[in-house]
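Reading through the structure tokens given below for one structure.
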Amino acid sequence: MIDVVVAGAGPNGLMLACELALAGARPLVLERLTEPTTEQRANGLVGQVVRMLDRRGLYERLTAPGATPEPAPSFVFGAFPIDLDDLPGNPLYTLMVPQRRIQHMLAERAAELGVEVRHGHEVTGLAQGEKSVTVELRGREPVEAAFLVGADGGHSTVRRLAGIEFPGVTADDSVSRAGQVSVPPDMVGADGGLVVPGFGVVPPFQHLRTERGLIIWGPFPGGAPLISTVEWDQPAEGEASLDELRASVSRVLGVQVRLDPPTGPGPHLMRRLFGGNTRIASRYRAGRVFLLGDAAHVHSAIGGPGLNMGLQDAVNLGWKLAAEMRGHAPEGLLDTYEVERSPVARRVAMHTQAQSLLTRPGGDVTALRELFGELLARPANRRHIAELLSGADVSYGMGPATGPLVGRWAPDLPGLRELTRTGRPLLLDPTGSLDAGGWASRVDTVTVPELDTALLLRPDCYVAWQGTTGDGLHEALGTWFGAV
């Protein structure tokens, strides 16, 4: 019997499969599509997941051998440019690579770890038993597994079959258009901005609001530039086209803009979307069925939080399911997945809704933006926004353990990126005197003299205990890694 069936071979499902395999579980990934999609979706990663990939040895696979993440000098919130260069310990990291490349990298990593991915396998039903769940497939034999995880997107079949509701709100008064284009060389400034005669410069990789709408210009290296708009109360019908996108850009900027067809190898993106949804699953678990990523939460893409949250969901859930399969998960461990991750989804839903409001046209929004701009002049407020966007403000309740770092994501420490590649729990001991006791086979103990305090890290790099003596250590080990 399979340990865990993962429905969906997108980045989130593949990341979960990698985490499961790394922890010694046997996953099987089932994907409805017959081959990986080439559709252009997310344009990169924003937030803690960038460093999480580095801690698994995956960041350099998307960049260059030996490369390490660097904080972003600036970002954007609600169409406000946010300067981050003057923030000590800037927590916001970005990695601008297309989603399909991230997915391809994770598929390669999954194959290295022995994960089987079956394309053309569509989930049509499920039946839960006391110790397993049977997954029914269209035109194929059913598959039995101990657990099923739905990583199958916002229209999740697994969520529907599990009877999990998806409450939230739908906004249907906006139209977003996006397409890859080419422009004359003299329209691209030295910093990559789009120079528009009669308007000025549309800065690269930022949201620019006008009183008529929103525009984003993305001159991605190695491919055709991407331009996007959002307008309100501008109906559209028929197939999305370059003419339609060109007209939308001209309306938003108030001047005619030359946009030519994209050059270079395709496929090239041309897309129109109406409205948007903000929804969070009423529960993340129904018996032996779990939800992950967009299957559990959808929201505006503004600020790029989607993959950050979904991939972090996978890292949170993977080690817990693997511990259950190995037979040493403490009681209630699997339930901590929803307890820890659903508040993160609610927080992301909150700030994406707030950002969307700040980008709308209208004099009342302009007044709100004037006040908000004054607030962003203060470094403390910019740090708050940076932590919000990156997820660096996320803290989990860790039971009996105490201390300023407990429940927080582990800070960068000497050698940590190498130590965390195995996905095993870590006891970082500055003195070399701590004893993991009966948990020694489950937790790697490493002497790190540079530390001022000992730290117990879960596989997802959250601090489960800290101390200068062993007081409370064994209690924390039992809380998270089971009885011995």
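Treat the numbers as computed from the prediction; the structure is a model and nothing was measured.
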Should [X] and [Y] count as side-chain neighbours, where that means a heavy-atom distance under 4.5 Å?
X	Y	result
Ser356	Gln353	no
His207	Ile302	yes
Pro379	Leu87	yes
Thr422	Leu22	no
Lys320	Thr336	yes
Arg326	Arg442	no
His299	Ile280	no
Val394	Tyr462	yes

Using a 3.5 Å distance criterion without hydrogens, assess whether the side chain of [X] forms a donor-acceptor pair with backbone atoms of [Y].
X	Y	result
His351	Arg347	no
Glu165	Pro167	no
Tyr337	Leu291	yes
Ser132	Gly129	no
Asn308	Gly47	no
His104	Ile102	no

Ring-ring centroid check Tyr284 Phe290, cutoff 6.0 Å: no
side-chain hydrogen bond (donor to acceptor under 3.5 Å, both in side chains) against [X], all qualifying residues, sequence neighbours excluded:
X	answer
Glu338	none
Ser441	none
Asp471	Thr469
Arg118	Glu116

Under 3.5 Å, side-chain donor or acceptor atoms of residues 149-157 against the rest of the protein: list the pairs with distances, not counting sequence neighbours.
residue	atom	partner	partner atom	Å
Asp152	OD1	Ser156	OG	2.6
Asp152	OD2	Ser156	OG	3.3
Asp152	OD2	Thr157	N	3.0
Asp152	OD2	Val158	N	3.1
Ser156	OG	Val158	N	3.3
Ser156	OG	Arg159	N	2.9

Of the non-hydrogen atoms in [X] and [Y], which two are nearest, and what is the gap between them?
X	Y	result
Val365	Leu357	CG1-O, 3.6 Å
Val115	Ala21	CG2-CB, 3.8 Å
Leu214	Ala79	CD1-CB, 4.0 Å
Thr352	Pro305	CG2-CG, 3.8 Å
Gly318	Leu20	O-CD2, 3.4 Å
Ala178	Ser228	CB-OG, 3.4 Å

Spacing of [X] atom [atom1] and [Y] atom [atom2] [to the nearest 0.5 Å]:
X	Y	atom1	atom2	result
Leu16	Leu106	CG	CG	11.5 Å
Glu108	Leu14	CD	CG	11.0 Å
Arg51	Leu95	CZ	CG	13.5 Å
Gln48	Leu92	CD	CG	10.5 Å
Leu428	Gln466	CG	CD	11.5 Å
Ser176	Leu273	OG	CG	4.0 Å

Pair Val344-Met309, side chain to side chain contact (heavy atoms under 4.5 Å, CB included): steps then yes or no: CA-CA 8 Å; Val344 180; Met309 187 159 55; 4.0 Å; yes
Test item: side-chain donor near acceptor, Thr170 and Arg279, under 3.5 Å: yes
Phe75 vs Phe205, ring pair (Phe, Tyr, Trp, His ring centres under 6.0 Å): CA-CA, chis, key distance, verdict: CA-CA 8 Å; Phe75 202 64; Phe205 304 112; over 10 Å; no
Thr420: partners by side-chain contact (heavy atoms from CB on, under 4.5 Å), with sequence neighbours left out: Arg55, Arg56, Leu416, Leu426, Cys461
List the atom pairs, with distances to 0.1 Å, where a side-chain N or O of residues 450-459 and a protein N or O form a donor-acceptor pair under 3.5 Å, not counting sequence neighbours.
residue	atom	partner	partner atom	Å
Thr453	OG1	Gly467	N	3.2
Thr453	OG1	Gly467	O	3.1
Arg458	NE	Asp460	OD1	3.1
Arg458	NH1	Glu340	OE2	2.9
Arg458	NH2	Glu340	OE1	3.0
Arg458	NH2	Asp460	OD2	2.7

Sequence neighbours excluded, every pair satisfying salt bridge (Lys or Arg N to Asp or Glu O under 4.0 Å) that has a member inside residues 128-151: Glu122-Arg138
Residue pairs passing the salt bridge (Lys or Arg N to Asp or Glu O under 4.0 Å) test where at least one lies in residues 424-433, sequence neighbours excluded: Arg424-Asp444
Step-by-step side chain to side chain contact (heavy atoms under 4.5 Å, CB included) determination, Thr479 to Trp465: CA-CA 10 Å; Thr479 296; Trp465 171 87; over 6 Å; no
Salt-bridge present (Arg61, Glu112; N to O < 4.0 Å): yes
Cation-aromatic face contact Arg288/Phe147, 6.0 Å, 45 degrees: yes
Could you tabulate the donor-acceptor pairs under 3.5 Å formed by side-chain atoms of residues 381-389, not counting sequence neighbours?
residue	atom	partner	partner atom	Å
Asn381	ND2	Leu375	O	2.8
Arg382	NE	Leu376	O	3.0
Arg382	NH1	Asp83	O	2.7
Arg382	NH1	Asp86	OD1	2.7
Arg382	NH1	Asp86	OD2	3.3
Arg382	NH2	Asp86	OD2	3.0
Arg383	NH2	Pro88	O	2.0

Partners meeting ring-ring contact (aromatic ring centres under 6.0 Å, His included) with Phe372 (sequence neighbours left out): Phe77, Phe80
Results of ring-ring contact (aromatic ring centres under 6.0 Å, His included) for Trp439 - residues two or more places apart only: His474
Crowding at CD, Glu370 (>12 non-hydrogen neighbours, <6.0 Å): no
